[in-house]
A.B. asks: 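Once you've had a glance at the structure underneath, I'll fire off some questions.
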Number of protein chains: 2
Amino acid sequence: MALHFPPQTLKWDISGVEIGFRRELPALIRQLEGFRLKSCESLPPFFSLPDEDIKPIIDVSLSLKRFKHLVVIGVGGSSLGAEALVSLHGGHKEGITFLNNLDPLDCRRVLRDGNPEDTGYVVVSKTGTTPEVLAQFSVVLQHTKNQLGKNWLDHWVVITNREKGALRDFIEKESVRNLVFPSDLSGRYSVLSPSGLLPALWMDVDIDELRLGAKNITDSWVDGDERAKNLLKVAALYYLHHVKFNRAISVMMPYGSRFRRFARWYSQLWAESLGKSIGGGNFAGSTPLVAMGTADQHSLLQLFVEGGDNKIYTIITVDDYGEHQLIPPLLSGPEADYLKGRSLEELTKVEARSTIRTLRNLGRPVINIEFPGINEIFTGELLMSYQLITISAASLYNVNPFDQPGVEANKRLTLEMLSEL
Amino acid sequence: MALHFPPQTLKWDISGVEIGFRRELPALIRQLEGFRLKSCESLPPFFSLPDEDIKPIIDVSLSLKRFKHLVVIGVGGSSLGAEALVSLHGGHKEGITFLNNLDPLDCRRVLRDGNPEDTGYVVVSKTGTTPEVLAQFSVVLQHTKNQLGKNWLDHWVVITNREKGALRDFIEKESVRNLVFPSDLSGRYSVLSPSGLLPALWMDVDIDELRLGAKNITDSWVDGDERAKNLLKVAALYYLHHVKFNRAISVMMPYGSRFRRFARWYSQLWAESLGKSIGGGNFAGSTPLVAMGTADQHSLLQLFVEGGDNKIYTIITVDDYGEHQLIPPLLSGPEADYLKGRSLEELTKVEARSTIRTLRNLGRPVINIEFPGINEIFTGELLMSYQLITISAASLYNVNPFDQPGVEANKRLTLEMLSEL
């Protein structure tokens with residue numbers, strides 16, 4: 001069944017995905033409808049972000065505009081949202097580096113290749129205590145202090161919570177420009193907050209459109225219209241394929257490199273929100289797997305087609321790229337002949353269609369999300385939709401989608417081992 | 001149990017991974033020992049690559065050295081090996097772009113930002129018929145013809161099989177420089193062939209060391225020494241955790257961004273070699289999942305710790321980075337205090353140790369591969385080891401590790417749909 005909303009909205013096609021759930025699905029959707037109503041009484045913290053005043057973020061981004069480069073230091077949710085936005089919509093501009101992992105070589109490269117004179121620096125940590133972020137921040141900060149002298153202060157922006165932590169102390173002590181990371185907002189739901197929007201604004205991503213797309217979805221959610229009902233149904237389908245058919249892997253396979261970081265954003269959102277112990281030796285949450293079209297047709301597709309039937313697939317396609325790069329007829333031979341008169345955009349679309357059809361012909365569940373075109377409105381829709389799908393699925397698994405208790409023990413162990421060094 | 005080979009070799013620590021297989025494991029290892037002996041009589045095509053004459057590859061790489069940039073057009077196995085080598089060991093140099101996915105924006109960026117005058121171009125396709133490669137190649141080739149006139153020929157190198165296909169026809173027609181992609185070599189086992197070595201050489205990766213590391217492993221394999229036996233054991237353990245305990249996901253989690261492309265190389269090798277139907281509605285092959293340390297401690301670790309026990313973990317760590325980037329004491333607060341006097345390298349190691357310990361304490365199977373340092377010898381070892389582990393696992397699943405029948409139907413469908421456009 002393909003749902004058709006007004007032309008300017010994402011199209012969710014779930015042909016064949018409902019098979020096998022004729023009884024369970026309506027019951028779960030009713031249950032989720034109750035969840036939706038309840039959520040409207042006590043809205044999740046990410047819900048109101050599209051309505052918030054973003055003048056402080058715009059002001060800070062303007063102050064960074066004079067720099068040719070921007071280095072963003074953050075990890076996980078503090079970085080993935082911004083990365084997704086920049087990859088999807090910053091293609092026409094260069095100059096941003098995400099120091100998003102603890103690799104000494106990455107950090108050295110920023111010190112070696114960067115010129116602090118024309119670089120702005122943003123450090124992001126909600127708690128202000130993440131060791132990898134504090135460590136890299138300290139190294140890069142020292143470098144800019146050495147290179148810029150007293151001027152270092154003009155180059156830095158800190159995003160952290162209002163109350164506490166090493167970064168908050170740093171802000172107070174040094175009077176450095178800063179934006180507030182809301183204390184009640186989990187990192188993985190922060191893409192529409194300063195951590196996502198500041199780098200995006202610097203890269204000229206249209207965040208008004210982005211917020212508009214997200215707002216369309218929150219409006220739908222409150223109204224409980226057909227679009228909201230679709231999100232509830234999609235959440236129920238992910239859940240059912242996991243718990244009833246043991247499809248324990250949720251493949252996110254967008255067609256196009258620019259979606260790769262979005263897929264990683266999804267992967268964190270899904271894994272960290274749903275991967276929870278529910279007692280009695282039972283576990284919630286399917287495992288997200290990032291695959292890339294078309295590259296992974298030459299890598300993972302063999303397994304998708306002939307391997308175990310333990311996956312549900314979400315394939316993102318684009319209807320109109322807005323451009324046509326014609327493939328010049330420079331080669332001969334049967335395969336080259338197929339390409340004559342075609343464009344790269346058409347070929348990408350056909351490859352995607354063909355993968356979807358191949359998987360569906362095998363009876364594998366495929367959710368196809370089609371972007372009418374690549375613009376920020378649809379990205380805003382997609383991001384808000386997945387946040388709502390995730391908390392809906394969490395309500396079915398009966399887990400808290402906003403905490404991450406499982407990593408706390410590991411954090412304590414890290415600090416313990418550090419102090420023993 | 002930790003195996004200790006001479007200091008200059010990878011260390012494979014499989015503490016706790018054998019639990020539950022006291023009877024099955026010895027039987028499977030005996031079976032694999034038979035497979036090893038048989039494989040020595042009829043060696044797989046990738047096996048002899050470390051012994052082959054690479055003068056033609058070196059000559060071509062020298063002819064490309066005068067260019068400031070290199071664009072490599074390929075997909076899947078034609079690209080992933082080179083990407084792994086360059087990411088791991090090309091850190092001191094810039095200038096290479098892999099056009100490794102069909103995304104019209106990627107291609108446009110190469111046309112827009114690149115200057116053909118100082119750019120070399122390499123196109124790789126074993127069959128010479130991959131539509132995504134032919135399409136992007138045609139677009140980029142036309143661009144260089146427009147920009148460079150007759151000189152375009154000096155800028156291009158083609159890697160394809162000796163016999164047939166659109167790229168072979170192109171070579172013959174235009175007398176363009178070329179290297180041979182052996183016809184009997186599957187793309188995913190080609191990292192030590194021209195497709196992997198040419199871009200690596202151009203980036204100053206030490207391929208003598210790389211080949212030496214790989215040769216150490218093939219020698220071990222032929223000798224059947226302790227190191228070969230360890231590879232057989234590791235293959236058996238991946239297999240057993242999948243088929244006996246339904247650990248259907250094989251997580252590859254290296255610590256350090258420079259290993260990300262290696263993890264993708266592994267992911268293709270594993271998925272495409274083992275993901276096969278074995279008749280009667282049964283399927284071989286676990287699903288590879290790429291995770292990155294430390295970033296994914298803030299993304300997937302929650303799921304690894306509290307989610308379902310359906311995974312086996314391979315965690316790659318580095319013992320000696322050869323450098324110490326000290327973390328300057330610029331911050332205050334308890335978490336910042338832990339970092340005082342430490343280096344980025346120490347912190348990375350502690351984070352990795354802590355993740356391994358956390359998972360093992362939960363009884364999750366973790367294979368820890370430790371690099372003594374980051375150099376090409378160990379990379380050669382790792383790549384050859386995984387090729388041998390993969391074909392060993394394939395012999396247990398009783399599948400052909402060199403074909404990919406499941407993607408052929410999809411390829412036909414793509415061409416069919418293209419011709420209908």
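Every chain is numbered from 1, with letters handed out A, B, ... down the list of sequences. No experiment lies behind these values; they were computed from the predicted model shown.
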A.B. asks: Short question: side chain of B:Gln142, backbone of A:Pro328 - any donor-acceptor pair under 3.5 Å?
C.D. replies: no

A.B. asks: Looking at A:Asp169, A:Asp309, A:Thr348, which one has more heavy-atom pairs under 4.5 Å with chain B than the rest?
C.D. replies: A:Thr348

A.B. asks: Does a salt bridge link B:Asp106 with B:Arg109, judged by any charged N lying under 4.0 Å from a carboxylate O?
C.D. replies: no

A.B. asks: Given that the side chain runs from C-beta out, which part of B:Pro329 has a heavy atom under 4.5 Å from chain A: side chain, backbone, both or neither?
C.D. replies: neither

A.B. asks: Taking atom types as modelled and ignoring hydrogens, do the side chains of B:Ser125 and B:Thr130 form a donor-acceptor contact shorter than 3.5 angstrom?
C.D. replies: yes

A.B. asks: Tell me which of these, A:Leu300, A:Val290, A:Val75, has more heavy-atom pairs under 4.5 Å with chain B than the rest.
C.D. replies: A:Val75

A.B. asks: Does B:Asn410 offer a backbone N or O that forms a donor-acceptor pair with the side chain of A:Ser354 under 3.5 Å?
C.D. replies: yes

A.B. asks: Under 4.5 Å from any heavy atom of chain A, what part of B:Tyr338 do you find: side chain, backbone, both or neither?
C.D. replies: both

A.B. asks: What distance separates A:Leu301 CG from A:Glu351 CD, expressed to the nearest 0.5 Å?
C.D. replies: 10.0 Å

A.B. asks: Please look at B:Phe137 and chain A and tell me whether the side chain, the backbone, both or neither of the residue comes under 4.5 angstrom of a heavy atom of that chain.
C.D. replies: side chain

A.B. asks: Is chain A contacted by the side chain of B:Arg342, its backbone, both, or neither, given a heavy-atom distance below 4.5 Å?
C.D. replies: side chain

A.B. asks: For B:Asn282, is it the side chain, the backbone, both, or neither that has a heavy atom closer than 4.5 Å to a heavy atom of chain A?
C.D. replies: neither

A.B. asks: Check whether B:Leu134 gets within reach of chain A through its side chain, its backbone, both or neither, counting any heavy atom under 4.5 Å.
C.D. replies: both

A.B. asks: Any salt bridge linking A:Lys145 with A:Glu174? Criterion: basic side-chain nitrogen under 4.0 Å from a carboxylate oxygen.
C.D. replies: yes

A.B. asks: Less than 4.5 Å to any heavy atom of chain A: does that hold for the side chain of B:Glu420, its backbone, both, or neither?
C.D. replies: neither

A.B. asks: Could you look at B:Ile249 and say if it's the side chain, the backbone, both or neither that has a heavy atom under 4.5 Å from chain A?
C.D. replies: side chain

A.B. asks: At a 4.5 Å cut-off on heavy atoms, which part of B:Ala166 comes close to chain A: side chain, backbone, both, or neither?
C.D. replies: both

A.B. asks: Determine whether B:Gln136 and B:Leu102 make a side-chain contact, defined as any pair of heavy atoms from C-beta on separated by less than 4.5 Å.
C.D. replies: yes

A.B. asks: Can you find a side-chain donor-acceptor pair between B:Ser186 and B:Lys126 that sits under 3.5 Å?
C.D. replies: no

A.B. asks: Which bit of B:Ile374 comes within less than 4.5 Å of chain A, counting heavy atoms only: side chain, backbone, both or neither?
C.D. replies: neither

A.B. asks: Tell me, for A:Ala135 versus chain B, whether the close heavy atoms (under 4.5 Å) come from the side chain, the backbone, both or neither.
C.D. replies: both

A.B. asks: Whether B:Glu306 and A:Lys276 form a salt bridge (side-chain N of Lys/Arg under 4.0 Å from carboxylate O of Asp/Glu) is what I want to check.
C.D. replies: no

A.B. asks: Can you tell which part of A:Arg260 gets under 4.5 Å to a heavy atom of chain B, answering side chain, backbone, both or neither?
C.D. replies: side chain

A.B. asks: So what's closer than 4.5 Å to chain B heavy atoms on A:Leu326: side chain, backbone, both or neither?
C.D. replies: backbone

A.B. asks: With a 4.5 angstrom heavy-atom cut-off, which part of A:Leu413 approaches chain B: side chain, backbone, both or neither?
C.D. replies: both

A.B. asks: Quick one: what part of B:Pro405 sits under 4.5 Å from any heavy atom of chain A, side chain, backbone, both or neither?
C.D. replies: both

A.B. asks: Non-hydrogen atoms of chain B under 4.5 Å away: do they reach the side chain of A:Lys311, the backbone, both or neither?
C.D. replies: side chain

A.B. asks: So which part of B:Lys340 gets closer than 4.5 Å to some heavy atom of chain A, the side chain, the backbone, both or neither?
C.D. replies: neither

A.B. asks: Under a 4.0 Å N-O cut-off, is there an ion pair linking B:Arg412 with B:Glu416?
C.D. replies: no

A.B. asks: Please look at B:Arg108 and chain A and tell me whether the side chain, the backbone, both or neither of the residue comes under 4.5 angstrom of a heavy atom of that chain.
C.D. replies: side chain

